[in-house]
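In what follows, chains are A, B, ... by sequence order, proteins preceding strands, each numbered from 1. For clarity, every value in this text was computed on a predicted model and none was experimentally measured.
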Amino acid sequence: MGIETALPEGMVVTTTLEKLVDWGRGRSPFPFLFGLACCAIEMMAAGGPRHDIARFGAEVFRGTPRQSDVMIVSGRVSQKMAPVVKRLHQQMPDPKWVIAMGACASSGGPFENYAMIQGVDKLIPVDVYVPGCPPRPEALLYGIIELYEKIQGEKFSDYR
Amino acid sequence: MLRDSIVGFWHILRAMGLTFKYFFTKPVTVQYPEEPVKLYPRFRGRHELRRYEEGPYEGLERCIGCSLCAAYCPTQCIYVQAGENKDGIQRSPGERYAEIYEINLLRCMFCGYCEEACPTGAIVLRREFALAGYSRQGLIYTQDRLLQPAEPNAVILDDGTAAGTRGK
């Protein structure tokens, strides 16, 4: 999808364009308006005036997976919620990233039982893990900075 | 009719005046990566394994590998394997030391029970919160990483409770 499929391989322009596109993608990752538990409260706080997620270009919480770039899985994922989370992730257009926010989304946290998915990476690929229970809004912002660093190194060929 | 218009206009003017007042106040936003975050002293962040800083055991690890923290941990995120202090190599006072000490930060819920259980005050929860990483394996903190002192990008506020916190 997008400009990377139209470009032939080995073109000189790709090296500089790649950087420009990565810069743009990293500086405006639209999160998906999607909260599962208490970590979502901290995610909302990160969107508030005090922490101001808009400083990282991520203030536009899109209400539909088709318009969002990054899925912040904020909260525990139960067995019942798992197919929904997976489907929403599949509906997001490439390139897409996932931040597992908090202990429950990352590893299951204190809920080591039959009802919970032991980490959302069992379902969907996770790019950044943010520990905390729940993480401070600043910890989430640090996760977004880490995600930005990761996006900088990405190649067009990763999405072919 | 005219009276309503004047009253309405006056109300809008007052409301806009309130809005305009905030134009001159200081912004509330904390510019986090550039500016340190203000934290309360009781905030619990990443763990740190301490060493003795003075006295006869100076430089030795406080941890004696008793696994009480692992037993008390509600999420079972701590793994301790004790080793015996052999002749010549003394890593902690007494007979035993922690040969392997690992904390899975992704399981941990930073409740501070390990800190409470520790008989020697070896493990304390410091205030480092920026811990995000790219892999699950990379967030299992091993002993050498836990022994490094935490340096959070934060200033600690004084709310009068600092005297009540142990080992900090």
Option that, when pairs with chain A are counted at under 4.5 Å, heavy atom only, ranks first among [options]:
options	value
B:Ala130, B:Gly45, B:Cys111	B:Ala130
B:Asn153, B:Val28, B:Asn104	B:Val28
B:Arg136, B:Met109, B:Arg46	B:Arg136
B:Phe110, B:Phe129, B:Tyr32	B:Tyr32
B:Ala154, B:Gly138, B:Ser135, B:Cys73	B:Ser135

Return yes if some donor-acceptor pair links the side-chain N/O of [X] with the main-chain N/O of [Y] below 3.5 Å, else return no.
X	Y	answer
B:Arg51	B:Gly59	yes
A:Lys86	A:Leu123	yes
A:Glu112	A:Met116	no
B:Ser67	B:Ala70	no
B:Arg107	A:Ser107	yes

- Decide side chain to side chain donor-acceptor pair (under 3.5 Å) for B:Glu115 and B:Tyr113; before the verdict, give the C-alpha distance in whole Å, the side-chain angles of both, and the deciding distance to 0.1 Å. CA-CA 5 Å; B:Glu115 195 178 1; B:Tyr113 280 13; over 6 Å; no

- Task: Check whether more than 12 heavy atoms from other residues, nucleotides or ligands sit under 6.0 Å from atom NZ of A:Lys122, and answer yes or no.
- Result: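 More than 12 within 6.0 Å, yes.
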
- Message: Tell me if the CD atom of A:Gln90 is crowded by more than 12 foreign heavy atoms within 6.0 Å.
- Response: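 Atom CD in A:Gln90 is crowded, with more than 12 foreign heavy atoms closer than 6.0 Å.
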
- Task: Under 4.5 Å heavy-atom distance to chain A, tell me which part of B:Leu139 shows up: side chain, backbone, both or neither.
- Result: side chain

- Message: With a 4.5 angstrom heavy-atom cut-off, is it the side chain or the backbone of B:Gln31 that approaches chain A, or both, or neither?
- Response: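 Its backbone and side chain both get close to chain A.
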
Please determine, among [options], the option with the most heavy-atom pairs under 4.5 Å with chain B.
options	value
A:Gly102, A:Pro137, A:Ser106	A:Ser106
A:Gly143, A:Cys104, A:Gly108	A:Gly108
A:Gly109, A:Pro110, A:Ala105, A:Pro135	A:Gly109

- Where on A:Arg55 is there a heavy atom nearer than 4.5 Å to chain B: the side chain, the backbone, both, or neither? side chain

- Query: Does any heavy atom of chain B fall under 4.5 Å from the side chain of A:Leu140, the backbone, both, or neither of them?
  - Reply: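 For A:Leu140, neither part sits under 4.5 Å from chain B.
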
